[in-house]
Amino acid sequence: MQIGKIVNSTSHIDYTCQIYGLGEHHPLPAPEDYAFGNFVSIQVGGTHTAISHILGIAYNTQLMNPDFGTLGPRLNSSEQTPVFTPDFLLEQATLVGILALGWKDTDGHTYQGVPPITASVNDTVTKLEEEEIEHFHQNQQGGPRLSYMPILLNQNHPLVPQLQTRIVDQLLELFPFHQNQLSLIRNNLAWRSIVQPAS
């Protein structure tokens with residue numbers, strides 16, 4: 001499910017995805033497609049690299065509305081604008097922050113950590129299916145791997161503790177035979193989220 005395109009970045013691993021709006025893609029992505037904690041892939045443009053996709057996670061949402069605060073009279077309502085001014089550019093947008101957590105090569109192998117290359121503006125963002133999420137997190141022994149957790153721990157963002165918990169909750173469903181290990185990680189993360197702000 002394609003949900004949008006890359007429009008900006010604030011660092012090597014922190015991207016902004018603009019969610020597709022009316023007329024840009026069919027079907028339109030639903031809010032649950034770009035919800036907090038969803039895993040996504042960014043299709044890397046060009047054929048100059050062995051990396052085909054950057055894999056990441058949605059961690060923040062911003063709503064852009066340039067009309068907010070403009071209380072003057074309008075000639076057209078928002079419903080009439082496409083009829084009377086079809087060339088009018090709709091500047092409202094939903095922006096989703098994505099943290100890169102790994103990558104996939106052209107052979108389909110996945111890796112966790114900081115991707116060696118970056119995405120480009122207008123690269124397509126797609127929501128990962130459960131099978132793809134499981135493949136990204138599966139180690140050679142068939143259990144879960146979370147090698148990218150230090151990347152998240154080093155992010156200075158208030159939503160990161162909840163994001164980590166959301167990740168482990170998803171893995172608990174995908175790896176039911178490793179619940180003891182994952183529950184221990186989840187309890188540790190919950191403890192850190194309580195203790196760290198107080199210290």
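Numbering starts at 1 and runs along the sequence shown. Just so you know, these numbers come straight off a predicted model, no measurement behind them. Below, all heavy atoms of this structure are taken into account, side chains as well, without hydrogens, waters or symmetry copies.
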Colleague: Any side-chain heavy atom of Gln170 within less than 4.5 Å of one from Phe39?
Modeller: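 A side-chain contact under 4.5 Å exists here.
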Colleague: Would Leu99 and Asp14 satisfy side chain to side chain contact (heavy atoms under 4.5 Å, CB included), going step by step from the backbone distance to the final call?
Modeller: CA-CA 5 Å; Leu99 283 175; Asp14 195 348; 4.0 Å; yes
Colleague: Between Asp33 (side chain) and Ala30 (backbone), is there a donor-acceptor pair under 3.5 Å?
Modeller: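 Yes; judged by distance alone, with no hydrogens or angles, the pair exists.
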Colleague: Are Ile133 and Tyr34 connected in a single hydrophobic cluster, I mean Ile/Leu/Val/Met/Phe/Trp/Tyr linked by side-chain heavy atoms less than 4.5 Å apart?
Modeller: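 Each belongs to a different hydrophobic cluster.
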Colleague: Nearest 0.5 Å please: distance from the CD atom of Gln162 over to the CG atom of Asp169.
Modeller: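 Separation between the atoms: 11.5 Å.
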Colleague: Sort out for me which residue in Thr61, Val96, Leu28 forms a side chain to side chain contact (heavy atoms under 4.5 Å, CB included) with Ile19.
Modeller: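 Going through the options one by one, the only one that passes is Val96.
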Colleague: Looking at every heavy atom in both Ala119 and Ile54, which two are closest together, and how far apart are they?
Modeller: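 Smallest heavy-atom distance, with atoms named: N-CD1, 3.5 Å.
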Colleague: Is it the case that the side chain of Asn187 and the backbone of Ser183 share a donor-acceptor pair, with hydrogens and angles ignored and the cut-off at 3.5 Å?
Modeller: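 Present.
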Colleague: Counting only heavy atoms from other residues, nucleotides and ligands, does the tally under 6.0 Å from CG of Asp107 exceed 12?
Modeller: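 Yes, because the 6.0 Å sphere around CG of Asp107 holds more than 12 heavy atoms from other groups.
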Colleague: When you compare the side chain of Val114 with that of His12, does any pair of heavy atoms fall below 4.5 Å?
Modeller: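 Yes; the side chains approach each other to less than 4.5 Å.
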Colleague: Over all heavy atoms of both residues, which pair between Leu163 and Ala58 is shortest? Give the atoms and the distance, please.
Modeller: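 Taking every non-hydrogen atom into account, CD1-O, 3.8 Å.
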Colleague: Is the closest side-chain heavy-atom distance between Ser52 and Gln43 below 4.5 Å?
Modeller: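 Heavy-atom side-chain distance check fails, nothing below 4.5 Å.
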Colleague: To the nearest 0.5 angstrom, please state how far the OH atom of Tyr59 sits from the CG atom of Leu159.
Modeller: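 Going from the OH atom of Tyr59 to the CG atom of Leu159 covers 9.0 Å.
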Colleague: Side chains of Ile3 and Thr126: does their closest heavy-atom pair fall under 4.5 Å?
Modeller: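 No; the side chains remain at least 4.5 Å from each other.
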Colleague: Using 30° and 60° as the class boundaries, would you call the ring planes of Tyr20 and His25 parallel, tilted or perpendicular?
Modeller: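 Taking His25 first and then Tyr20, their aromatic rings lie parallel (interplane angle under 30°).
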Colleague: If you take all heavy atoms of Ala100 and Pro115, which pair is closest and at what distance?
Modeller: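 Scanning both residues, the minimum pair turns out to be CB-CG, 3.9 Å.
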Colleague: For the CD atom of Gln141 and the CZ atom of Arg145, what is their distance to the nearest 0.5 Å?
Modeller: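 If we round to the nearest 0.5 Å, Gln141:CD and Arg145:CZ are 11.0 Å apart.
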Colleague: Do you know the tightest heavy-atom contact between Gly113 and Ile151?
Modeller: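 Nearest heavy atoms, Gly113 then Ile151: C-CD1, 3.6 Å.
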Colleague: Passes side chain to side chain contact (heavy atoms under 4.5 Å, CB included), Gln179 versus Leu172? Steps please.
Modeller: CA-CA 6 Å; Gln179 289 205 7; Leu172 280 167; 4.2 Å; yes
Colleague: Tell me if a side-chain donor or acceptor on Asn8 pairs with a main-chain N or O of Tyr15 at a distance below 3.5 Å.
Modeller: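 It does not hold such a pair.
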Colleague: Is a side-chain N or O of His53 found less than 3.5 angstrom from the main chain of Leu55, in a donor-acceptor match?
Modeller: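 It does not hold such a pair.
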Colleague: Evaluate the side-chain proximity of Ile57 to Val40: yes if any heavy-atom separation is below 4.5 Å, no if none is.
Modeller: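 Of all side-chain heavy-atom pairs linking Ile57 with Val40, none is under 4.5 Å.
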Colleague: What I want to find out is whether Lys5 reaches Asp123 closely enough, with some N-O distance under 4.0 Å, to be called a salt bridge.
Modeller: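 No.
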Colleague: Which value, rounded to the nearest 0.5 Å, describes the distance between Glu134 atom CD and Glu130 atom CD?
Modeller: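 Rounded to the nearest 0.5 Å, the CD-CD separation comes to 8.5 Å.
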Colleague: Transitively linked via ILVMFWY side-chain contacts under 4.5 Å: Leu95 with Ile6?
Modeller: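 In one cluster with Leu95: Ile6, no.
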Colleague: Do Leu128 and Phe36 sit in one hydrophobic cluster, given that two such residues count as connected whenever their side-chain heavy atoms are within less than 4.5 Å of each other, even indirectly?
Modeller: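 Yes, Leu128 and Phe36 fall within the same hydrophobic cluster.
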Colleague: Using the benzene-type ring in the case of Trp, are the ring centres of Phe136 and His109 under 6.0 Å apart?
Modeller: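 Ring centroids of Phe136 and His109 are no less than 6.0 Å from each other.
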Colleague: Quick check: does any side chain N or O of His137 sit under 3.5 Å from a backbone N or O of Glu132, one acting as donor and the other as acceptor?
Modeller: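 Side chain of His137 to backbone of Glu132, a donor-acceptor pair under 3.5 Å: no, none is there.
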Colleague: Is Phe175 reachable from Tyr148 through a run of I, L, V, M, F, W or Y residues, each pair having side-chain heavy atoms under 4.5 Å apart?
Modeller: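 Yes, one cluster joins them.
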Colleague: Starting at OG1 of Thr110, measure out to CG of Leu101 and round the result to the nearest 0.5 Å.
Modeller: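 Rounded to the nearest 0.5 Å, the OG1-CG separation comes out at 12.0 Å.
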Colleague: Might you point out which heavy atoms bring Pro161 and His157 nearest each other, and give the distance in Å?
Modeller: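 Distance-wise, the nearest heavy atoms are CD-O, 4.0 Å.
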Colleague: Side chains of Ile51 and Lys104: does their closest heavy-atom pair fall under 4.5 Å?
Modeller: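 No; the side chains remain at least 4.5 Å from each other.
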Colleague: Check for a donor-acceptor pair, side chain of His178 on one end and backbone N or O of Leu171 on the other, with a separation under 3.5 Å.
Modeller: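 No; zero donor-acceptor contacts below 3.5 Å.
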Colleague: Do Leu146 and Ile185 come within less than 4.5 Å of each other through their side chains, counting heavy atoms only?
Modeller: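 Contact flag for Leu146/Ile185 side chains = yes.
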Colleague: With no hydrogens and no angle check, is any side-chain donor or acceptor of Gln62 less than 3.5 Å from a backbone partner on Thr16?
Modeller: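 Between the backbone of Thr16 and the side chain of Gln62 there is no qualifying donor-acceptor contact (under 3.5 Å).
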Colleague: Please check if atom CE in Met1 has more than 12 non-hydrogen atoms from other residues, nucleotides or ligands closer than 6.0 Å.
Modeller: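 Yes, because the 6.0 Å sphere around CE of Met1 holds more than 12 heavy atoms from other groups.
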Colleague: So, the side chain of Gln155 versus the backbone of Leu152: is there a donor-acceptor pair under 3.5 Å, distance only?
Modeller: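 Not a single qualifying donor-acceptor pair exists.
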Colleague: For the backbone of Ser147 and the side chain of Gln112, can you confirm whether one donor and one acceptor N or O come within less than 3.5 Å of each other?
Modeller: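 Yes, the answer is positive, given that a donor and an acceptor are paired below the 3.5 Å cut-off.
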Colleague: Got a second to check how far Arg186's CZ is from Ile167's CD1, nearest 0.5 Å?
Modeller: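 Result: 12.0 Å between the selected atoms.
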Colleague: Between Leu153 and Val160, is any pair of side-chain heavy atoms under 4.5 Å apart?
Modeller: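 They are not in contact (no side-chain heavy atoms under 4.5 Å apart), so the answer is no.
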Colleague: Trp103, Ile117: one ILVMFWY side-chain cluster at the under-4.5 Å cut-off?
Modeller: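 As far as the 4.5 Å side-chain criterion goes, Ile117 and Trp103 are connected within one cluster.
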